[in-house]
Amino acid sequence: MVKTDIKYVQKDVHKGKAMFRIFPGLCKGCGLCREKCPEEALSWSEELGVYGTPTVVADAEKCKACRICERVCPDCAIAIERKAKQKKEN
Amino acid sequence: MVKTDIKYVQKDVHKGKAMFRIFPGLCKGCGLCREKCPEEALSWSEELGVYGTPTVVADAEKCKACRICERVCPDCAIAIERKAKQKKEN
Amino acid sequence: MDKTVKIALAGEGGQGVQSVAMILTEAAAMEGKEILYIPNFGVEQRGGVSIAFVQIGDKKIGAPKFKTGDIVIALSDRAVRRVNMYAGHETIFIYDAGIEGVEDDLPEVAQRVLAIPALETANKELHPRVFNVLIMGALIGATHVVTLEKAKEAIEKKLGYKFEQNPKLREMNFKALERGYEMVAGTGVA
Amino acid sequence: MDKTVKIALAGEGGQGVQSVAMILTEAAAMEGKEILYIPNFGVEQRGGVSIAFVQIGDKKIGAPKFKTGDIVIALSDRAVRRVNMYAGHETIFIYDAGIEGVEDDLPEVAQRVLAIPALETANKELHPRVFNVLIMGALIGATHVVTLEKAKEAIEKKLGYKFEQNPKLREMNFKALERGYEMVAGTGVA
Amino acid sequence: MKVLPKIPKSWNLETKPHKFCPGCGHGLILKALGQVIDELGIQDRVVFGCDIGCSLLSWDFFNVDSVQTHHGRTTPVMVGIKRANPELVVVAYMGDGGGYAIGSQHLVNAATRDDKITVLLVNNTNYAMTGGQMAPTTMPGQKTETTPYGRDVSEAGYPMMGPEMVAAISQDGAYVARGSVARFRKLKEYIKKALENQMAMRGFSFVETLSTCPTNWRTNAEQTWAFLEDEMTKQYPPGELKTPTGKEG
Amino acid sequence: MKVLPKIPKSWNLETKPHKFCPGCGHGLILKALGQVIDELGIQDRVVFGCDIGCSLLSWDFFNVDSVQTHHGRTTPVMVGIKRANPELVVVAYMGDGGGYAIGSQHLVNAATRDDKITVLLVNNTNYAMTGGQMAPTTMPGQKTETTPYGRDVSEAGYPMMGPEMVAAISQDGAYVARGSVARFRKLKEYIKKALENQMAMRGFSFVETLSTCPTNWRTNAEQTWAFLEDEMTKQYPPGELKTPTGKEG
Amino acid sequence: MGEKPIKGEQKAFMTGNEAVAWAALAAGADIMYGYPITPQNEIMQYWTRLAPKYEKKFLQTEDELSAGFTTVGGVLAGRRAFTATAGPGNVLMQEPMSMAEAMRIPTVVVVQQRGGPSTATVIYSQQEVTLTCFGGNGEGLRVVYSTSSHQELFDYTIKAFNTAWKYRFPTFVLADGYQAKMRESLVLYDPQEKGQKMVPTEAFVGKPGTPGEDRAPAHLRNTYNIEEELMDELAKDIKEYEEMTPEITEYEEFNTQDTDVLIVAHGIVFRSVAMAARELAEEGLKVGYFRPITLRPFPRQELQKAAAKAKQILVVESAYGQLLKMVKDNLYGLDVPIKGYLRPGVGITPEEVVADVRTILGEEE
Amino acid sequence: MGEKPIKGEQKAFMTGNEAVAWAALAAGADIMYGYPITPQNEIMQYWTRLAPKYEKKFLQTEDELSAGFTTVGGVLAGRRAFTATAGPGNVLMQEPMSMAEAMRIPTVVVVQQRGGPSTATVIYSQQEVTLTCFGGNGEGLRVVYSTSSHQELFDYTIKAFNTAWKYRFPTFVLADGYQAKMRESLVLYDPQEKGQKMVPTEAFVGKPGTPGEDRAPAHLRNTYNIEEELMDELAKDIKEYEEMTPEITEYEEFNTQDTDVLIVAHGIVFRSVAMAARELAEEGLKVGYFRPITLRPFPRQELQKAAAKAKQILVVESAYGQLLKMVKDNLYGLDVPIKGYLRPGVGITPEEVVADVRTILGEEE
Ligand SMILES: Cc1ncc(C[n+]2csc(CCOP(=O)(O)OP(=O)(O)O)c2C)c(N)n1
Ligand SMILES: Cc1ncc(C[n+]2csc(CCOP(=O)(O)OP(=O)(O)O)c2C)c(N)n1
Ligand code: SF4
Ligand code: SF4
Ligand code: SF4
Ligand code: SF4
Ligand code: SF4
Ligand code: SF4
Ligand SMILES: [Mg+2]
Ligand SMILES: [Mg+2]
């Protein structure tokens, strides 16, 4: 895979305080994240992953941006960005 | 070594109550028995062992027929016979 | 059929390529044919392209692999790139019409290069899960190595226990088989 | 000495055969000779016969082992049986006079078979420990591969540290060397 | 702004997605390792050695010098490197088959010898690369390709308790722990301590990780976590078994 | 009356004196074993396997079926025999090099697997057969042919505590002990228990014996006993480490 | 023993690994010891499924050294014991097999060759020929059957047990990853039903009676103290090996009467060669083949006879000259030119062979 | 590095094992990894005595697998690393050396042959020729020097490091128990002082800079996913091996212009052969010899040239035809009769060779 131009799909979650980002080119649709989400915020997405299987998408309401899904993804396909913090950093 | 005709040298010890027997064909002169005799009853003998080294002989007076030397000989070159018992057995 | 038919079938790990080969060769075996089926395998099989090399004929099959297939089927872009080398002047090369960006990788020498809308058909008309059975149908349509009836028998044998629980599955599988068969039969390659 | 002298020396594990070979070859090396010395060894060396094959000459030595020795020395009954095969028509075969029951095992072809009272002499006149040095003396007496002087130098080099503590030992060793030398020199073999 | 996935800097993005199956625990362990390498700032002096087993799929995983070895032989290769150049930080990455079966003489002897290397061993209760045969760590009763009727311990033997063994035979300066991919932060902590132990030249360091193998377990995501967290953890309690200052857990 | 030496009935008198050096502890261990075989009346069903190492010198020692194997491989050969014919009572006889170094994968795995065999391992702190190199059991500071300046544990590693390791990894039915040729009656007791454990099919059994090697130690009789009883016993405490009913000592 | 695993002749469609497991059952093998390695795994996998049904045993060992040495142990106990391996496992297997060779222990090992050297590929090659025939620190006193079809895998696995137990040399069935993994048809049968008697086994240790009283003890060893002792032992073994040779060498040949090109190949490559030779012969070209079935001992005289009448020899193999070396060694003295078509680690198709022969014959394709 | 171990030329009288240890020091070897085995032990024993004085390292491993793989590790770290082994240890050494062969890792291994197969004897043989040249599951892409004297043991041990590091094939010095244990004289020297430059070493891993930033990471492997990938790799290695061949093959010959009997031998047996040939030649008989010094790659053309002019070839070896097979393989196409004088596991004296040649020449002894 080339380093540039990595496709991702992102979505505001946790009342807009965070961003849920999925990289379909990395997601293998294993579902480990879905099982671990304490808020049951993840569901299968229309977007297909690298093996042609569904990727995941977070529910904007339910997701609390706790990052557990990011942490348990063996493929680093999820990235949660906390916007508040980001602002501070800027 | 043939099974018959195994040469040995024997000697009454422990006031005649026991017999100390050494098989020169088995004794390698290692001296382990000498060191272990609690009565310091063993000394080197004129009789040469299988490697041409001296074998051991027990002092008739000192030896108490405790069998320690027999037990520690790695070559089974010593045999202590308690006569008293032998009589009983007969 | 007096000639041994040589088939190479390639797809991604999850696409069920080896299952197709298993059922197809089972059907051929039931017909008393001689068969040689060898899967490709490697250490990185997990993420890699999976290929089934199948030969079916009336006489004992010779070598397990061949230089040129009579029919070569590729179900993904990587699969196209991996098996285009097996196409020769007499080869029918079939790939899924939904595959993008392989224009330059399609074999130049093949007798016929055929894009069939297998994935789309399976997804829309049937169910994504029977995609591979549809491919089997297409394969049979292009080669007639076994009859559709025997193929159904073999499917029954392999998946019958599932059909027991859910008879609709049977219907769907058989339909997929037939749709695949027609797809190719219609093109006049066979 | 224009010919390479081939020596086989055999004894029981504790008899110091390899020490003799070491000192002898050291002496030869000091004289600028070419030497090849190889001990025999095996897994059961512990209880087995130990043999030293030594060749000393003026030119580079060829093969490490030989079929026939110029001089073969055996220090025990088992040693006699083990090395009698190295005796040929030109061989001087020496064994200790105290060895019993080897009458039938002595080589028939040797140029000369010599029993020397080495053990007895060592035990009675000197000390059992210098038995091997006495043998070295006999060896030199029979072959003149090195001079007695060089042999003494080599002994000094090897055992000097012991002699420091106990100068009588030096005397005893040198005497043993000379007694051994004379034993053979007297027989006219050399 | 170029948006990149959140992967450790020491990962080699060009070889991603990596070659492990969907849901494979190897990815998590190597994520933890990658983060630790980043945090310790040792990307320029780590040498990563992978065994034959699914671990071999990581031969080009990192932007660190890597060498794929033989089945069971990663330990001696890394020992050889470390002995020759102690400046390097070596990581021997292997499966339970490679570490506890065919390479157990190396593990036992490197541990006793107190070689200053870090061994990361992946316990997935089977020989995954070869298609799911019994491993020394296969659980009692567990079905595998060579225990088709379940592991009968009276015939096929009992599970190997690796960290317990290493803790028993290693020296005072050793670090020994058992982590789990279900406890990512702990796992990362263990791996970090293990590498730090090596960098301080204190002693041998060893981390076994309970890991998932949905392919050979034939489990879906839910079952995968359940087998790991309920079954495996019962047989193989995670925790630190030995820290250089004394014994714990 | 024909006077014969007092040797165990199961000894083969025709191959005596045996091939071990004067003062070698192997003779004592094999005497204990011979007496145990006699007492258990199993001469007709014991299979004795000896390793390469000085133990090979015992290949024709007994009047029991015997097989000399490869360096480190006596354990698997005996496992193979026992699995094929469980009626037999198999004894794997080996040195510390054969058992703890080159054959340690077999020891560790047979112990974990709980194979119903008896392993008798001779700890003489060196590789005796090959002329006295360092063994896994060489004592700290001890001079050997490959540690000519004394074993520097920080480089050459620490002594292997075999019975401790086996006790840690073996199963409940296992028997594990460390004997010494200086405590002959205890040693015999351990060997007997080990064989009885096998005969009862309870589990793996293992006895390490502290043994003498005057040849490579370059000791006289007095020094030999002293090294064994004072030095070795300090590093390697004799006793039972595991009995089938629980743990002792 | 439980019931017979196979009754009558049964046509089957299966992988080569499955065929081996069935053959071992049919041969009455008692126990398999093994360590997983691709492409041999399914032998163990089928065996472990079948074994309990027929009171057979299995032990998964800690490595191939152990698999080999436990197999040695199983044989010593008087059982028909076997193992299977490949590639780096076969490299390790040479240690136990050198013991079996030294002590004349009738072990049976099935080898499914994969790419080499080292871990290489898990797929296929013919690169373990030298290793299997001459591995270890000895003189290669073994028997090696090279099979080329599932039927032969079945037949020769059965035969291997008999050869091993009759002549007491370690015996190998040498196949490859293609044969292991591919599916084709074969006929399973019980050898006894077909009148093929299984050579009875015999315990080396643990025979009835008390050693030293009722009988001499077995004192088995592979170590000698003196060089000459070893040479005497080797001389005896070599003599028996050479006496056995004419009884067991096997080969297959076609069109060897007067050939322009004689193709030599073994194993699965032979199938491509046979197809090619027949195709070319049908065209009227003088092309024949010679296929050694036993690679050890090698059918030397037979090949010499066939080769003497050829104008050109072509050795075809999926290795870089391992068979070629054997052919040259065995044909020394002839002056027929020999060429190799050598493709280490990859399969060879009939088309390639045809093309190469045509080039030799100076034809354009 | 500490002070130079050897200054000037030093005449010495020592065992072959000691000569190897000195040679490794002279070559600037950094570290030895090893496991004891007779008759190689004294190499380790001398090395451990000498090493600390010159800041060299040593590791005694748990077995030969580990000795080989740690040596591989030492080389990967960019050090001149070596090991030594024999017999059953050499059998095990094939696993790590197959990795070295696959990955072109310049390991150096000294082999002191002992009797085989199996444990056999600890003494002597030439039975590890096939094993050392072609061991493992590969094609024998190694370099094997067969020495015949202590001087050569010294010279070729030094050379082995250079060949290994220049061409990156695993390199073996093949000697035997006689050479290991016997004492004879030789001249020790520092190769650099004699103008023999040591090929510099280079780290495979752990080079300066951050991988992925300052430089590409080293990603070393020996496993391939697809057959063709492996074949390409092998083809490259084979090509480089064959290109190297004329640069490194070595041999020695005598009286090969017009010979009635050309004797071929290597290693220590060659010494007996040389003595025999010279003795017979002095008598006016047409007897010559050819001695391959590199057994891998083999001096094929040179032997062919010498053999073409001979009436009879006699291969003399302490093995049952291991060199003989190589000779036949390399001479295929000639029709000079070849006879073997084969004494597996035992030494061969000049007298025996002389006698055998006389028999061939039809003379009575
Ligand atoms: C010497 C040798 N034996 C066997 C194999 C085959 N082999 C490759 S991977 C593997 C098992 C891997 O299991 P494990 O170490 O647990 O790693 P996993 O795949 O489970 O991560 C085996 C047996 C080999 N490559 N080399
Ligand atoms: C594969 C192999 N490696 C090495 C050897 C050489 N070797 C023979 S015995 C031995 C060591 C024996 O030591 P140990 O096992 O402690 O037995 P001991 O002689 O001390 O009783 C070694 C290394 C061998 N025979 N085989
Ligand atoms: S995001 Fe990661 S954990 Fe979730 S399904 Fe995709 S690969 Fe699996
Ligand atoms: S960030 Fe937390 S809450 Fe949001 S989807 Fe991920 S696991 Fe669920
Ligand atoms: S009797 Fe036994 S212990 Fe005593 S010196 Fe003789 S051999 Fe040694
Ligand atoms: S029997 Fe006891 S007292 Fe007598 S000599 Fe022996 S050890 Fe000493
Ligand atoms: S087989 Fe198992 S361990 Fe291997 S990559 Fe797949 S999930 Fe991971
Ligand atoms: S060398 Fe040591 S262990 Fe071996 S027989 Fe002699 S004393 Fe016993
Ligand atoms: Mg695993
Ligand atoms: Mg020992």
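Convention: sequence-line order gives letters A, B, ...; per-chain numbering from 1. Keep in mind the model is a prediction, meaning the values are calculated, not measured.
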Asker: Is chain H contacted by the side chain of Thr130(G), its backbone, both, or neither, given a heavy-atom distance below 4.5 Å?
Answerer: side chain
Asker: I need the residue from Met99(H), Gln322(H), Glu101(H) with the largest number of non-hydrogen atom pairs under 4.5 Å to chain G.
Answerer: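 Heavy-atom pair counts peak at Gln322(H).
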Asker: For Glu128(G), is it the side chain, the backbone, both or neither that has a heavy atom under 4.5 Å from a heavy atom of chain H?
Answerer: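 Just the side chain, heavy atoms under 4.5 Å.
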Asker: Give a yes-or-no answer on whether the side chains of Asp63(H) and Ser66(H) include a donor-acceptor pair shorter than 3.5 Å.
Answerer: no
Asker: Does the cation-pi check pass for Arg114(G) over Tyr124(G), that is, NZ or CZ under 6.0 Å from the six-membered ring centre and within 45° of its axis?
Answerer: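 Checked: cation-pi criterion not met.
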Asker: So which part of Leu141(G) gets closer than 4.5 Å to some heavy atom of chain H, the side chain, the backbone, both or neither?
Answerer: neither
Asker: Checking Val336(G) against chain H: side chain, backbone, both or neither under 4.5 Å from a heavy atom?
Answerer: both
Asker: Side chains of Asn90(G) and Gln94(G): donor-acceptor distance under 3.5 Å anywhere?
Answerer: yes
Asker: Pro337(H), Gly333(H), Pro96(H): which one forms the most heavy-atom pairs within less than 4.5 Å of chain G?
Answerer: Gly333(H)
Asker: Using a 4.5 Å heavy-atom cutoff, which residues in residues 232-243 of chain G come close to chain H?
Answerer: Leu234(G), Ile238(G), Glu242(G)
Asker: Under 4.5 Å, counting heavy-atom pairs only, tell me which of Met103(H), Arg343(H), Glu228(H) racks up the most with chain G.
Answerer: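 Among the listed options, the one with the most contacts to chain G is Arg343(H).
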Asker: Looking only at atom types and distance, does a side-chain atom of Thr121(H) sit under 3.5 Å from a main-chain N or O of Ile123(H), one as donor and one as acceptor?
Answerer: yes
Asker: Side chains of Thr349(H) and Glu352(H) only: does a donor on one sit below 3.5 Å from an acceptor on the other?
Answerer: yes
Asker: Could you tell me whether Lys325(G) sits above the aromatic face of Phe134(H), with NZ or CZ closer than 6.0 angstrom to the six-membered ring centre and within 45 degrees of the axis?
Answerer: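 Lys325(G) over Phe134(H) ring: yes.
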Asker: At a heavy-atom separation under 4.5 Å, does Leu92(G) approach chain H through its side chain, its backbone, both, or neither?
Answerer: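 The side chain, not the backbone.
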Asker: If we define contacts as heavy-atom pairs under 4.5 Å, which of Pro88(H), Ala86(H), Gly135(H), Gly138(H) has the most with chain G?
Answerer: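 Highest number of pairs under 4.5 Å: Gly138(H).
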Asker: For chain G, which candidate among Val327(H), Asn137(H), Asp329(H), Val346(H) shows the most heavy-atom pairs at distances under 4.5 Å?
Answerer: Asn137(H)
Asker: Between Gln113(H) and Gln127(H), is any side-chain donor less than 3.5 angstrom from a side-chain acceptor?
Answerer: no
Asker: Indicate yes or no: does Glu229(H) engage Arg221(H) in a salt bridge with an N to O separation below 4.0 Å.
Answerer: yes
